[in-house]
Amino acid sequence: MTEVLFKVIIIGDPTVGKTSFVQKYVNDSFRRDYKMTIGVDFALKVIKWSEKCNIKLQLWDIAGQERFTSMTRVYYKDAHACLVMFDLTQKGTFQNSVKWKKDLDQKCTLMDGSPVPCLLLANKCDDIERREVTQDEIEDMCKEHDFLGWSETSVKDGIMIEESMGFLIEEMMAKHAELEGFSESFQTNTSSALKLGKEEGGKPSGSNCQC
Amino acid sequence: MESDSIESGYVGDLDADNEEERNTKPMTHIVQRPCSHDGSFEQVDIIPSKLPPAGIELNTDVLLTSRTDPLTRSQFQAMLDPDGRLISEHALRKAVFLGGVSPDIRKEVWSFLFGLYPCNSTTREREAILIDNIVHYHEMKTRWKTMLVVNSVPGSTPIEQGLYARYQFAEDPGPGCDRDNEAERKLKERLAPLVTGKRADQIDFESLGHTDLQRQYSSSEMRQRIDFMRLQAQVQVNRERVDVLKLRSNMRVIDKDVPRTDRDQEYFRGKANPRLGQMREILLTFVAYHDQVGYAQGMNDILSRFLYVMGSEAETYWCFKTYMEKIRNDFMEEGLTRKIDLVRMLLKEMDPALLKHLELIDLGNLFFCHRWLLLGFKREFSYQDSLRCFEILSSHHLELSSLEAERAVMREERREFENTGGDTRTVGSSTTQKDYTFEVFMCATVLTECRDDFFLCLDCGQAFSYLNSLKFDLDSLLTKSERMFFVYCKKTVCDSFQIVDTKEDVPSKQQPWSLASIFR
């Protein structure tokens, strides 16, 4: 049995629903009263990908607030993929998605130098009345700023959560296979996972960051 | 700067047995190891192959640091003189540190602890200060509200102007239907004096949480007095500049955070809970007059504790404001980074091997302490415990600059003198890092307490999963932090002697020193 470790970060403005998304995806629960994230929250999900392969997914839910940026940006390091989330009912958060994407690309790339695969999520699509962003606008931004793709989601109603993550995982697996030649160290199997230091396999790899 | 032997030392130890041990043993055991004053840290087992039985060591600890029950009303009353002056601030701070405060006197104690009233004020003086505080706060609020109205597009609703937020209404008015909403119409009526540029001419003591004062206010003598106070307050408040643009931008974040502040607590629960409006107004008043600090997330968490304990809006404001002015640096990136760095420096002194390991797994910056330090461990405990933790930390009884620390250092110096035959040396606490506050010790203690588990974390992700699952027991954490505090005091003394003794073995230093000694 092989085990692949992926680190996914989730970024975006405050209150767009990052914590809710992670909690919904990992614990299948939704609450209205999540406290705001200070620094970073961390969640882990193990997915049985195939008979022979488990995926260990680390989800790093990074605080959206601006003030302590140098302390939250360190968590971009070694990310294999990223979710940039905004709130369809707050146009400002949509516009800021570009900032988040640029910030990520500036501070982090995969180990082959390519940008970290990034999916744009338009959350709160259940709230049709308050919606402030059109699909065309999202499509345009997605193309212009090299997002992998985009999807509307509703964490509250559980819409497109699994699908978006599934899409991202497919992408990471593809990249993983591609990079395998680049670094043999990428894959770790369970028995050798408990090694440290310079030995290959211990260090999360697959990306190369300066942050 | 470290030798390779450490790394290989523990890598080799990470076998199946340890893995099993990790799953079975409680998280809060004590690792016995000599607290070294010299370089021998490096020779200590990094992962002790055999852990001492945890219970015994813990018990000795409890005996040593007699923590007490929370301060009771009668004990507190005995601390006041007949006129209501606090006889000894030191005694109060010490009592708070040792046991916290019983909930029924928390408000009174916090009024002293957080500087709402001077400790030497009489009950009567405090009444006068209270009224002055209410009046002043009222004028401050009126000012920024007026500014908001004046700087709004004519005809906009109070919500559009920023005077109220949607979450203050039971029925969400929804976009576009603002103008027809009844609740809003009522508000508009109430705000009419503001809109027309005239000041609301009555202070609503009731809505500020002082029904008793509302009754007094009707007496003409009182009314006169208050009118005079208002005049004075207006003069003062009008001198301050309010930057409406900044206020509005802070407001956007505040309005995101207020509705998600401790809503799981009964006190803040439910739609249109009046506490939400109070929090909003306090935060807005604060940022209106502190635009250099502005609003940062986490301030809502700080405020929530004050509001819960103080109850009334004006008193909460002044406590919050005084506290924020004191810790404002923690809400600046530089200040907080510095504080985290203090934890790192302390850990380097107390457990360099652990720090080295954390560095290896990319956690050497200890940024994960961010939340602990920013909110005084608020999120790590139950709400009630977080209140107790907050007052204990704010008692500042045990700081390196405090009397207690001086005493501990002096005791150690005396002992050291005796053990070394009384040679005269130049010693002093000059080597102590006085910026290590008690919370810094608490952070370092959490880390050293969990050191074994940290050593089993082989990457940043594992360490974070582990950190997420951490549950602290407040009293035990406090006791252990206090222990580390005194260990540190002792260590600094030993270190300063060490500078002088370079060669000879000093008898006292050979034995693993015992805690009892520093507690007399």
Side-chain angles (χ1 to χ4, degrees), chain A residues 5-7 13-16 19-20 31-44 56-61 63-75 77-78 87 89-90 92-93 127 129-132 188 191 193-199 201-205 209 211, chain B residues 7-8 10-11 14-16 18-19 174-176 252-253 255-257 259-265 268-269 294-298 300-301 331-334 336-337 340 357 360-363 365 367-375 378-379 456-468:
Chain A
L5 176 78
F6 286 135
K7 171 174 177 176
D13 276 6
T15 67
V16 297
T19 303
S20 305
R31 285 173 35 193
R32 284 181 178 279
D33 59 356
Y34 286 115
K35 294 176 180 171
M36 82 223 167
T37 307
I38 302 243
V40 66
D41 279 338
F42 176 87
L44 197 64
K56 238 178 154 174
L57 205 57
Q58 291 180 351
L59 287 152
W60 296 73
D61 168 13
Q65 69 167 311
E66 289 164 30
R67 188 148 318 188
F68 298 108
T69 45
S70 77
M71 290 166 74
T72 47
R73 296 307 184 264
V74 297
Y75 300 114
K77 199 179 172 200
D78 298 326
D87 175 354
T89 69
Q90 299 180 65
T93 66
D127 196 345
E129 271 183 37
R130 288 181 189 271
R131 186 177 173 123
E132 291 179 357
T188 60
S191 63
L194 289 175
K195 280 183 192 160
L196 188 75
K198 288 164 199 74
E199 272 184 79
K203 277 251 177 221
S205 53
C209 305
C211 48
Chain B
E7 286 176 42
S8 53
Y10 65 79
V11 170
L14 290 167
D15 51 23
N18 266 325
E19 179 67 16
R252 276 189 285 276
V253 195
D255 283 336
K256 284 179 175 183
D257 286 350
R260 50 175 179 166
T261 308
D262 292 315
R263 298 301 291 282
D264 51 340
Q265 294 303 310
F268 297 104
R269 199 171 286 163
Y295 175 76
Q297 297 188 307
N300 57 334
D301 277 85
F331 276 93
M332 304 292 181
E333 191 158 35
E334 212 183 293
L336 193 62
T337 319
I340 295 177
H357 175 73
L360 268 175
I361 57 173
D362 255 350
L363 289 174
N365 54 35
F367 280 175
F368 56 84
C369 297
H370 181 161
R371 192 173 69 196
W372 303 347
L373 287 170
L374 190 72
L375 304 182
K378 177 170 181 254
R379 300 260 185 103
L456 294 171
C457 297
L458 299 176
D459 63 49
C460 187
Q462 286 177 8
F464 263 92
S465 308
Y466 170 65
L467 280 164
N468 265 4

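In what follows, chains carry the letters A, B, and so on, assigned in the order in which the sequence lines appear, proteins first and then strands, with residues in each chain numbered from 1.
- The pair B:Lys378-B:Asp301 meets the salt-bridge criterion, with a side-chain N (NZ, NE, NH1 or NH2) lying under 4.0 Å from an Asp/Glu carboxylate O.
- When only modelled atom types and interatomic distance are considered, A:Ser70 and B:Glu333 share a side-chain donor-acceptor pair under 3.5 Å.
- At a 4.5 Å heavy-atom cutoff, the contact between B:Asp264 and chain A is made by backbone and side-chain atoms alike.
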Test log, rule side-chain contact (heavy atoms from CB on, under 4.5 Å), inputs A:Asp13 and A:Gln90: CA-CA 10 Å; A:Asp13 276 6; A:Gln90 299 180 65; over 6 Å; no
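- In this structure, chain A has a heavy atom under 4.5 Å from the side chain of B:Arg379, while its backbone stays farther away.
- With a threshold of 4.5 angstrom between heavy atoms, B:Asp262 approaches chain A through its backbone and through its side chain.
- In this structure, chain B has heavy atoms under 4.5 Å from both the backbone and the side chain of A:Gln65.
- Neither the backbone nor the side chain of A:Thr72 comes within less than 4.5 Å of any heavy atom of chain B.
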Applying side-chain contact (heavy atoms from CB on, under 4.5 Å) to B:Met332 and B:Leu336, what does each step give before you reach the verdict? CA-CA 6 Å; B:Met332 304 292 181; B:Leu336 193 62; over 6 Å; no
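- For B:Phe268, no part lies near chain A; criterion is any non-hydrogen pair under 4.5 Å.
- Taking the six-membered ring for Trp, B:Tyr295 and B:Phe331 have ring centres at least 6.0 Å apart.
- Between the side chains of A:Asp127 and A:Thr89, no donor N or O sits under 3.5 Å from an acceptor N or O.
- When heavy atoms are compared at a cutoff of 4.5 Å, B:Ile340 approaches chain A solely by way of its side chain, counted from C-beta outward.
- Options A:Met36, A:Lys7, A:Arg31, A:Lys56 differ in how many heavy-atom pairs under 4.5 Å they form with chain B, and the most are formed by A:Met36.
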